[in-house]
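Data block below; observations after.
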Amino acid sequence: MDNIPNHLPTAELQALDAAHHLHPFTDGDALKKKGARVITSASGVYLTDSEGNKLLDAMSGLWCVNIGYGRHELADAAQYQMKQLPYYNTFFQTSHLPVISLSKKLSELSPEGFNNVFFASSGSEANDTNIRICRHYWATKGKKTKKTIISRHNSYHGSTMGGASLGGMGYMHSQGGMPIPDIIHIDQPYWYGEGGDSSPEEFGIERAQQLELKILELGEENVAAFIAEPIQGAGGVIVPPETYWPEIQRICDAYEILLIADEVICGFGRTGNLFGSETLNISPDIMTIAKGLSSGYAPIGGSLVSDEIADVINSSGEFSHGYTYSGHPVSCAVALENLRILEDEKIIETASRNTMPNLTKKWSELIHHPLVGDVNILGFMGSIALTPEKASRAKFASPEGTVGLICREHCFSNNLVMRHVGDRMVISPPLIISNEEIDILISRVTKSLDQTLFDIKKLGLYKAS
Ligand SMILES: *Cc1c(COP(=O)(O)O)cnc(C)c1O
């Protein structure tokens, strides 16, 4: 295995990385000055870096390693499949064993009325597929003008042109000419940051009703779909007010539009059920899946579609869409093994009964820390908002993310991976994290918050805008 020179000293690895590797979502020059952190192995909830540090990964990689690291059963499944049939495609009336088994398994696991899946290799690709599916669905039904997809500011739906256009990240749109045509954004249900004087309940209804106003403004005959994450992840783990989803559902039922639930993070156990839509009582027409489907061990994503949509697509002649790796045999075999482990070991049930309530309780207590203005948590998706002034929910005077970044760096030094989204800190730990590991997580978070408070006082950053 000498082709991967992981025996080189860290500084040399960092130099090679800086010289030859363009990183996603990274300021390249800043990275060159500092050097990347090089991860060399992992087991359970812990990562090991090239310096031998052992970090508690409270992010499950990028929200995906639901069953934790180091499950050799998945490696064995991949190895077996690579030897048996490493690749074959699913175009032009061909299929293979792992894709047939995984399609059947997903139909069994998903809510009633979902018996078909279109495969991709990522969440972004799956959301691109969703744009194609929902526009083609309406066109096949003779409603060619129903093209516009309504999404939300600060939502995340991926990084391809379609995915990023559906997403509501302005900083992404500004690079590369997005959004593509016929995608429109309404405001997010972020009460803490945008709710002003209204109660969370009032605000939830108000933000949901923006969907209805937008449908009426555009004309129902021009709207194809509404897409949303049950709980926003990359936007900062924003759990919407309880009134939000019932009102969205009412509107989606009242108008002839499709509801796409982007389950890429919420799916496969993160909220305590297999899908976030179950936890939040949402009835979508399409569900985007990826990440936890294979626990990140192999790239795979997909679109679960309702029987009605599948029937219409099947009746439309050839659906001219697909990826070389749609239903890749190795990824399907790995996903199947991941789903088997989730089921056989009752990982979701155990988390939802035992460790999720424990983390919820301890995470919620962080509200007593002087820096914390807000706590959100549902299942194993949690966030805290940092603030210089709790009572007024104030932002810092420093540019958004300055304090969050200081906090994230302290987390790293304390051997904890916790991400910052602006000045919100977010976690999304593996579903197999134990109560002992939750205690370690909380104590490292608390220590990092204390150090952040100390630093920003010293630097004169403990000021409201
Ligand atoms: C990560 C993510 C995506 C994109 O998935 P990729 O596999 O990175 O393309 C889409 N939607 C949501 C909600 C995500 O969190």
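Note that ligands are numbered from 1 as they come in the structure, with each ligand's atoms numbered from 1 the same way. These numbers come from the heavy atoms of this one structure, side chains and all, not from hydrogens, waters or symmetry mates. For reference, positions follow the sequence shown, starting with 1.
- In this pair, Phe118 and Phe319 present their aromatic rings perpendicular. The plane angle is above 60°, beyond the 30 to 60° band.
- Ranking the protein heavy atoms by distance from atom 12 (C) of ligand 1 puts Tyr156 O, 3.4 Å first.
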- Task: Verify salt bridge (Lys or Arg N to Asp or Glu O under 4.0 Å) between Arg353 and Glu349, making sure each step is shown before the conclusion.
- Result: CA-CA 6 Å; Arg353 194 166 17 83; Glu349 293 88 332; over 6 Å; no
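- Remark: Arg250 is not positioned above the aromatic ring of Trp245, lacking an NZ or CZ atom under 6.0 angstrom from the ring centre and at most 45 degrees off the axis.
- Not a single heavy atom of Glu263 sits closer than 4.0 Å to an atom of ligand 1.
- Lys34 has a carboxylate O that lies under 4.0 Å from a charged side-chain N of Glu409, or vice versa, which qualifies the two as a salt bridge.
- Contact annotation: for Lys291 versus ligand 1, heavy atoms closer than 4.0 Å belong to the side chain alone.
- Taking every heavy atom of Gly123 and a limit of under 4.0 angstrom, the matching atoms of ligand 1 come to 4 (C), 5 (O), 6 (P), 7 (O), 9 (O).
- Within ligand 1, the atoms closer than 4.0 Å to a non-hydrogen atom of Asp262 are 10 (C), 11 (N), 12 (C), 13 (C), numbered from 1 in the order shown.
- Residue His157 approaches ligand 1 through these ligand atoms, each under 4.0 Å from one of its heavy atoms: 10 (C), 11 (N).
- In summary, the atoms of ligand 1 found under 4.0 Å from a heavy atom of Ile265, numbered by their order in the structure, are 15 (O).
- Checked for salt-bridge contact, Arg207 and Glu247 miss the test: no charged N lies under 4.0 Å from a carboxylate O.
- Side chains of Thr288 and Asn127: a donor on one and an acceptor on the other come within 3.5 Å.
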- List the steps and the verdict of ring pair (Phe, Tyr, Trp, His ring centres under 6.0 Å) for Phe268 and Phe275. CA-CA 6 Å; Phe268 304 101; Phe275 296 101; 5.7 Å; yes
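- Looking at Ser155, Ser124, Gly276 and measuring to atom 9 (O) of ligand 1, the nearest heavy atom belongs to Ser124.
- For the ligand labelled ligand 1, residue Trp63 lies outside the 4.0 Å heavy-atom shell.
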